[in-house]
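All remarks here apply to the structure that follows.
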Amino acid sequence: MATRHDGQHAEQIQSALTGSAAAQSALVASWGRSMRLYGLNPEEGAPPEFLSERELVDARERLGSLIATAEATLDRLYSAVGGAGCCVLLADRDGVPVDRRGSVSDDETFCKIGLWTGAVWSEEREGTNGIGTALAEQRALTIHRDQHFRSRNTALSCTVAPIFDHRGRLMAAIDVSSARSDLTEDFVKLIAVAVVDAARRVEAENFRLAFPKARIMLAKLGPDVSYERSASALIAVDEDDLVVGASRTVRHFLGLTDETLSKPLPAANLLGQNLDIEQNFAAAERSVIQRVLAKAGGNISAAAVMMGMGRATLHRKLKKLGIH
């Protein structure tokens with residue numbers, strides 16, 4: 001595991017920050033935050049910072065059931081990338097890994113580097129890095145080798161996707177990292193697809209668990225929205241067909257907030273079923289009457305009693321709704 005010469009790497013960062021790319025590149029913007037906002041030095045060789053055992057326990061408790069929810073997905077992801085010398089980390093929103101998967105033969109190396117539970121990988125602490133920068137920018141990304149801010153991290157390739165909770169708030173991140181020099185950029189691209197898919201799976205399962213009594217459905221976002229976005233457009237619908245929850249994707253595209261979701265919102269509005277109120281009510285009323293008639297064996301008088309109305313009233317409704 002070879003890192004780039006400290007002075008050389010620091011010069012590359014300084015040159016980028018003073019050049020024309022500074023205003024255009026997301027990477028250079030992160031380098032700028034690392035140096036100017038956080039006051040970090042790329043040549044600093046201090047070892048990674050670790051939480052105490054008590055602090056790590058507290059961090060795990062703050063994530064609640066997410067660690068258990070993510071377990072099967074992390075296992076599946078590691079089975080796909082572990083043979084290539086990668087480890088898999090689940091980090092909290094502060095950039096601290098709270099769960100990991102890795103080969104025992106790599107444990108000593110990864111622990112020394114800081115690819116271990118309890119290490120602090122926030123951008124504020126480590127500068128530009130996979131976990132910290134993905135959390136800071138709230139997007140999936142790869143920080144490959146000398147894209148890292150600190151010189152001592154330039155042997156690493158880290159691909160990360162954030163996880164958002166059932167209210168669209170940043171919650172955690174999944175990371176796949178490697179220190180192998182033979183890791184190709186094409187394989188890193190494949191890892192990126194797998195990491196994003198894993199994060200979306202964990203989000204979807206966490207969303208379902210947050211609304212155990214609701215039906216989970218896909219909202220309609222429009223024909224120009226990508227498959228990846230559409231697949232994460234989840235809404236929770238109660239027994240009255242009202243929306244009681246929406247994933248981050250739905251909130252973003254449709255402008256929904258906790259405040260709008262606290263008011264009655266028909267699911268039909270988000271499922272592409274834009275019936276007007278009268279049509280909606282008539283359809284619901286027709287459905288109820290037909291179910292009661294079936295239960296009453298077609299007996300009008302019995303059905304009227306079951307619905308608490310007179311026989312003549314029910315006859316008028318049948319005629320109005322076209323039920324024969």
Let me see the working for Arg100 and Thr117 under side chain to side chain donor-acceptor pair (under 3.5 Å), right down to the final yes or no.
CA-CA 7 Å; Arg100 77 179 294 276; Thr117 53; over 6 Å; no

Please report the C-alpha distance between Val237 and Leu270 in whole Å, then the side-chain angles of each, then the deciding distance to 0.1 Å, and finally whether the side chain to side chain contact (heavy atoms under 4.5 Å, CB included) criterion is met.
CA-CA 11 Å; Val237 181; Leu270 306 187; over 6 Å; no

*Go through the steps for Asn206 and Met171 under the test side chain to side chain contact (heavy atoms under 4.5 Å, CB included), then give the verdict.*
CA-CA 11 Å; Asn206 186 65; Met171 188 180 193; 4.0 Å; yes

Test side chain to side chain contact (heavy atoms under 4.5 Å, CB included) applied to Leu17 and Arg36, step by step: CA-CA 10 Å; Leu17 289 175; Arg36 295 165 180 164; 3.6 Å; yes

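The environment of Arg93 atom CZ is sparse: at most 12 non-hydrogen atoms of other residues, nucleotides or ligands sit within 6.0 angstrom. Heavy-atom neighbours of Glu239 CD from other residues, nucleotides or ligands within 6.0 Å: at or below the threshold of 12. Heavy atoms from other residues, nucleotides or ligands lying under 6.0 Å from CD of Glu137 number more than 12.
Here CZ of Arg208 is found 11.5 Å from OG1 of Thr69. Values are rounded to the nearest 0.5 Å. Leu261 contributes atom CG, which lies 10.0 Å from atom CZ of Arg167 (distance to the nearest 0.5 angstrom). Atom CD1 of residue Ile143 and atom OG1 of residue Thr154 lie 13.0 Å apart, to the nearest 0.5 angstrom. Between the CG atom of Leu321 and the CD atom of Glu285 there is a distance of 5.0 Å, given to the nearest 0.5 Å. Annotation: the span from Asp175 atom CG to Leu77 atom CG amounts to 9.5 Å, rounded to 0.5 Å. Annotation: the span from Leu170 atom CG to Gln138 atom CD amounts to 5.0 Å, rounded to 0.5 Å.
Hydrophobic clustering places Leu66 together with Val176 (ILVMFWY residues linked when any side-chain heavy atoms are closer than 4.5 Å, directly or through intermediates). Under the 4.5 Å side-chain heavy-atom criterion for ILVMFWY residues, no single connected hydrophobic cluster contains both Val81 and Leu156. When the side chains of ILVMFWY residues are joined at heavy-atom separations under 4.5 Å, either directly or via intervening members, Val202 and Val88 end up in a single hydrophobic cluster. Leu271 and Val250 end up in the same hydrophobic cluster when Ile, Leu, Val, Met, Phe, Trp and Tyr side chains are linked at under 4.5 Å. The cluster map of Ile, Leu, Val, Met, Phe, Trp and Tyr, joined by side-chain heavy atoms under 4.5 Å apart, puts Val188 and Leu141 in different clusters.
A pairwise comparison of heavy atoms in Thr133 and Thr128 identifies OG1-CA, 3.4 Å as the closest pair. Contact between Ser230 and Leu218 at its shortest, heavy atoms only, is O-CD2, 3.4 Å. Across all non-hydrogen atoms, the minimal contact from His144 to Ser157 is ND1-OG, 2.8 Å. Between Thr257 and Arg251, the closest heavy-atom pair is C-NH1, 3.9 Å. Nearest approach of Ile113 to Ala179, heavy atoms of both residues: CD1-CB, 3.9 Å. The two residues Ala233 and Leu221 come nearest to each other via the heavy atoms CB-CD1, 3.5 Å.
No side-chain heavy atom of Trp121 sits less than 4.5 Å from a side-chain heavy atom of Val160. With contacts defined as side-chain heavy-atom distances shorter than 4.5 Å, the pair Ile289/Val292 does not qualify. Residues Cys158 and Leu89 have side chains not in contact (no heavy-atom distance under 4.5 Å, counting atoms from C-beta outward). For the pair Arg291/Val288, a side-chain contact is recorded, criterion being any heavy-atom separation below 4.5 Å from C-beta on. Counting heavy atoms from C-beta on, the side chains of Ile323 and Lys317 never come closer than 4.5 Å. Looking at heavy atoms from C-beta onward, Ile191 lies in side-chain contact with Cys86 at the 4.5 angstrom threshold. Within the 4.5 Å cutoff, the side chain of Val120 has no heavy atoms near those of the Glu126 side chain. Ile300 has its side chain within reach of Leu318: a pair of non-hydrogen atoms, C-beta onward, lies under 4.5 Å apart.
Judged by distance alone, with hydrogens and angles left aside, the side-chain atoms of Thr159 form no donor-acceptor pair with the main-chain N or O of Thr142 at under 3.5 Å. For the pair His9 (side chain) and Phe149 (backbone), a donor-acceptor distance under 3.5 Å is present. Within the 3.5 Å criterion, the main-chain N or O of Asp94 finds a donor-acceptor partner in the side chain of Asp92. When atom types are taken as modelled, the side chain of Thr260 and the backbone of Leu256 share no donor-acceptor pair closer than 3.5 angstrom. In this structure, Ser15 contributes its side chain and Gln12 its backbone to no donor-acceptor pair below 3.5 Å. Panel note: side chain Ser25, backbone Leu27; a donor-acceptor pair is recorded below 3.5 Å. A donor-acceptor contact shorter than 3.5 Å is absent between the side chain of Arg101 and the backbone of Ser79.
Inspection of the Arg316 and Thr313 side chains reveals an N or O donor paired with an N or O acceptor under 3.5 Å. If you check the side chains of Thr184 and Asp186, you find no donor sitting under 3.5 Å from an acceptor. Between the side chains of Ser247 and Thr249, no donor N or O sits under 3.5 Å from an acceptor N or O.
A salt bridge does not link Arg62 to Asp58: none of the charged nitrogens lies less than 4.0 Å from a carboxylate oxygen. Lys213 has no carboxylate O lying under 4.0 Å from a charged side-chain N of Asp238, or vice versa, which leaves the two without a salt bridge.
Every residue meeting the side chain to side chain contact (heavy atoms under 4.5 Å, CB included) condition with Asp197, not counting sequence neighbours, appears here in chain and number order: Arg201.
Of the residues listed (His148, Arg150, Gln147), the one engaging Asn129 in a side chain to side chain contact (heavy atoms under 4.5 Å, CB included) is His148, and it is the only one.
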